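Take a look at the structure below.
Along the sequence shown, residues are numbered consecutively beginning with 1. Because the structure is a prediction, the values reported are computed rather than measured.
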Amino acid sequence: MKTTVREQKIISLLESRGEMSVNELSAILDVSVSALRKQLADMQNRKLIIRTYGGVMSINPVPAESFDSKLHKSVSEKRRIATEARALISDGSSISLGSGTTVFALSNLLDDFNSGSIYTNSMQAADYLARCAAPDVHICGGIIRSATGTITGNEAYNFFRNIRVDYAFISCDAIDEDGVVYSDNLSVATVESAVLCNADHRFVLCDSTKLGKRSIATIGKLSDCEALITGANIGSVADKLSYRGINIIFV
């Protein structure tokens with residue numbers, strides 16, 4: 001088994017089981033313990049896993065909620081957010097799309113996008129756009145999170161760090177009152193931050209249930225983005241964000 005394939009398998013196993021012993025992984029992957037320990041040390045240095053005494057655990061302590069489960073939450077609100085975001089994009093633009101169901105809702109409105117380029121780390125968005133959209137659709141390489149279809153890892157990170165686009169859109173799992181944007185997973189947060197980094201116009205799309213909360217991994221700050229597009233004015237949270245000069249578009 002190639003090292004990169006084994007890496008993807010390790011992450012997939014850990015995300016479904018949480019923690020495993022090195023010996024257990026060695027048996028499942030059919031690789032020597034010494035070779036596996038070397039690979040695990042490298043993965044820990046890249047913040048893909050956490051090593052424990054005699055074992056290894058996922059960097060995400062909470063099992064990932066499936067994409068399909070998230071897809072059926074706040075459907076109407078996500079559609080309104082996506083519609084507002086779509087109105088910002090003109091033909092001929094280059095676009096980076098992060099993962100998540102709200103950004104996926106935006107991808108579903110790009111079937112009339114007649115020219116330009118789209119870059120994404122979402123398996124679902126890439127699959128939909130490849131069948132429906134006229135422009136070039138580019139999907140990054142990397143490690144696929146089985147529950148969500150999100151692509152992570154160094155390859156995905158470098159992919160987005162090395163392109164420049166007109167627009168970038170990401171979703172998130174939480175935004176606190178200081179305007180810090182979070183993901184529930186460190187490897188996802190790393191790539192989502194790269195999705196935003198080289199865009200002329202940066203937007204965060206999230207439903208209102210994510211506001212006023214914190215999570216495990218920081219993606220970035222709303223102050224570095226053009227706007228947050230969300231579905232409802234959550235009183236004091238919105239007031240505090242606005243006080244900090246953050247542009248919020250309510251739909």
Side-chain angles (χ1 to χ4, degrees), residues 2-5 7-8 10-12 15 39 41-50 59-60 64 85 88-89 92-100 102-104 106-107 110 113 116-127 129-130 133 135-145 148-175 179-206 215-229:
K2 291 183 179 180
T3 302
T4 53
V5 175
E7 184 175 280
Q8 294 175 19
I10 291 168
I11 290 175
S12 179
E15 287 192 342
Q39 182 168 6
D42 175 65
M43 291 176 68
Q44 178 170 258
N45 288 338
R46 290 184 286 131
K47 298 181 179 180
L48 296 176
I49 52 94
I50 298 170
I59 59 171
N60 180 23
L88 300 170
I89 306 168
S93 302
S94 53
I95 309 167
S96 284
L97 299 176
S99 59
T102 309
V103 173
F104 178 68
L106 171 59
S107 75
L110 292 171
F113 187 62
S117 300
I118 300 173
Y119 305 84
T120 187
N121 68 325
S122 165
M123 293 288 291
Q124 291 86 355
D127 177 62
L129 290 166
D136 293 335
V137 178
H138 307 263
I139 186 168
C140 64
I143 300 163
I144 303 171
R145 301 186 73 220
T148 62
T150 302
I151 303 174
T152 65
N154 279 358
E155 192 174 350
Y157 175 80
N158 291 330
F159 175 88
F160 288 105
R161 291 287 298 184
N162 290 313
I163 61 172
R164 185 162 197 91
V165 297
D166 299 313
Y167 298 93
F169 300 90
I170 67 162
S171 297
C172 64
D173 292 309
I175 297 175
V180 179
V181 183
Y182 298 92
S183 170
D184 287 344
N185 182 278
L186 179 58
S187 58
V188 173
T190 301
V191 176
E192 298 294 287
S193 68
V195 172
L196 292 175
C197 70
N198 290 327
D200 293 334
H201 306 283
R202 308 168 188 175
F203 296 90
V204 176
L205 315 181
C206 78
S215 193
I216 298 163
T218 299
I219 297 173
K221 297 179 179 179
L222 286 177
S223 56
D224 294 326
C225 299
E226 194 160 318
L228 163 67
I229 306 178

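- Between C172 and I219, the closest heavy-atom pair is CB-CD1, 4.2 Å.
- In this structure, Q124 contributes its side chain and S99 its backbone to no donor-acceptor pair below 3.5 Å.
- A side-chain donor-acceptor contact under 3.5 Å links Y167 to the backbone of L88.
- Side-chain contact annotation: D136 with S117, donor-acceptor N/O pair under 3.5 Å absent.
- Put simply, the residue from V165, N198, V195 that forms a side-chain contact (heavy atoms from CB on, under 4.5 Å) with F160 is V195.
- Between I143 and E7, the shortest heavy-atom distance links the atoms CD1-OE2, 3.3 Å.
- If you take CG on N158 and CD1 on I163, they are separated by 11.5 Å, rounding to the nearest 0.5 Å.
- Separating the CG atom in L110 from the OG atom in S93 is a distance of 10.0 Å, to the nearest 0.5 Å.
- Here the straight-line distance linking atom CD1 of I89 with atom CD1 of I95 works out to 4.0 Å at 0.5 Å rounding.
- Judged by distance alone, the side chain of N121 and the main-chain N or O of I151 form a donor-acceptor pair under 3.5 Å.
- A distance of 11.0 Å separates OG in S96 from CZ in R202, rounded to the nearest 0.5 Å.
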- request: May I have the step-by-step check of side chain to side chain contact (heavy atoms under 4.5 Å, CB included) for C140 and E155, ending in yes or no?
  value: CA-CA 7 Å; C140 64; E155 192 174 350; over 6 Å; no
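- Without hydrogens or angle criteria, S171 side chain to V103 main chain gives a donor-acceptor distance under 3.5 Å.
- When side chains are defined from C-beta on, D200 does not count as touching E226, because their heavy atoms never get closer than 4.5 Å.
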field: Residue pair L106, L205: steps toward the side chain to side chain contact (heavy atoms under 4.5 Å, CB included) verdict
entry: CA-CA 9 Å; L106 171 59; L205 315 181; 4.1 Å; yes
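- The closest donor-acceptor contact from the side chain of S94 to the backbone of D166 lies under 3.5 Å.
- For the atom pair CZ of R46 and CG of N154, the computed distance is 5.0 Å after rounding to the nearest 0.5 Å.
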query: Hey, mind stepping through M43 and I10 against side chain to side chain contact (heavy atoms under 4.5 Å, CB included) and telling me if it holds?
result: CA-CA 10 Å; M43 291 176 68; I10 291 168; 3.9 Å; yes
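- Among all heavy-atom pairs drawn from S183 and A189, the shortest one is CB-CB, 3.9 Å.
- Side-chain contact check for E192 versus V181: every heavy-atom pair is 4.5 Å or farther apart.
- When all heavy atoms of C225 and V204 are compared, the closest pair comes out as SG-CG2, 3.9 Å.
- Smallest separation of non-hydrogen atoms from F203 and L196: O-CD2, 4.2 Å.
- With a 4.5 Å cut-off on side-chain heavy atoms, T102 and C206 do not count as touching.
- Between S107 and L97, the shortest heavy-atom distance links the atoms CB-CD1, 4.0 Å.
- The line from CD of Q39 to CD1 of I49 is 9.5 Å long, rounded to the nearest 0.5 Å.
- Contact annotation: the side chain of I144 approaches that of M123 to within less than 4.5 Å [non-hydrogen atoms, C-beta and beyond].
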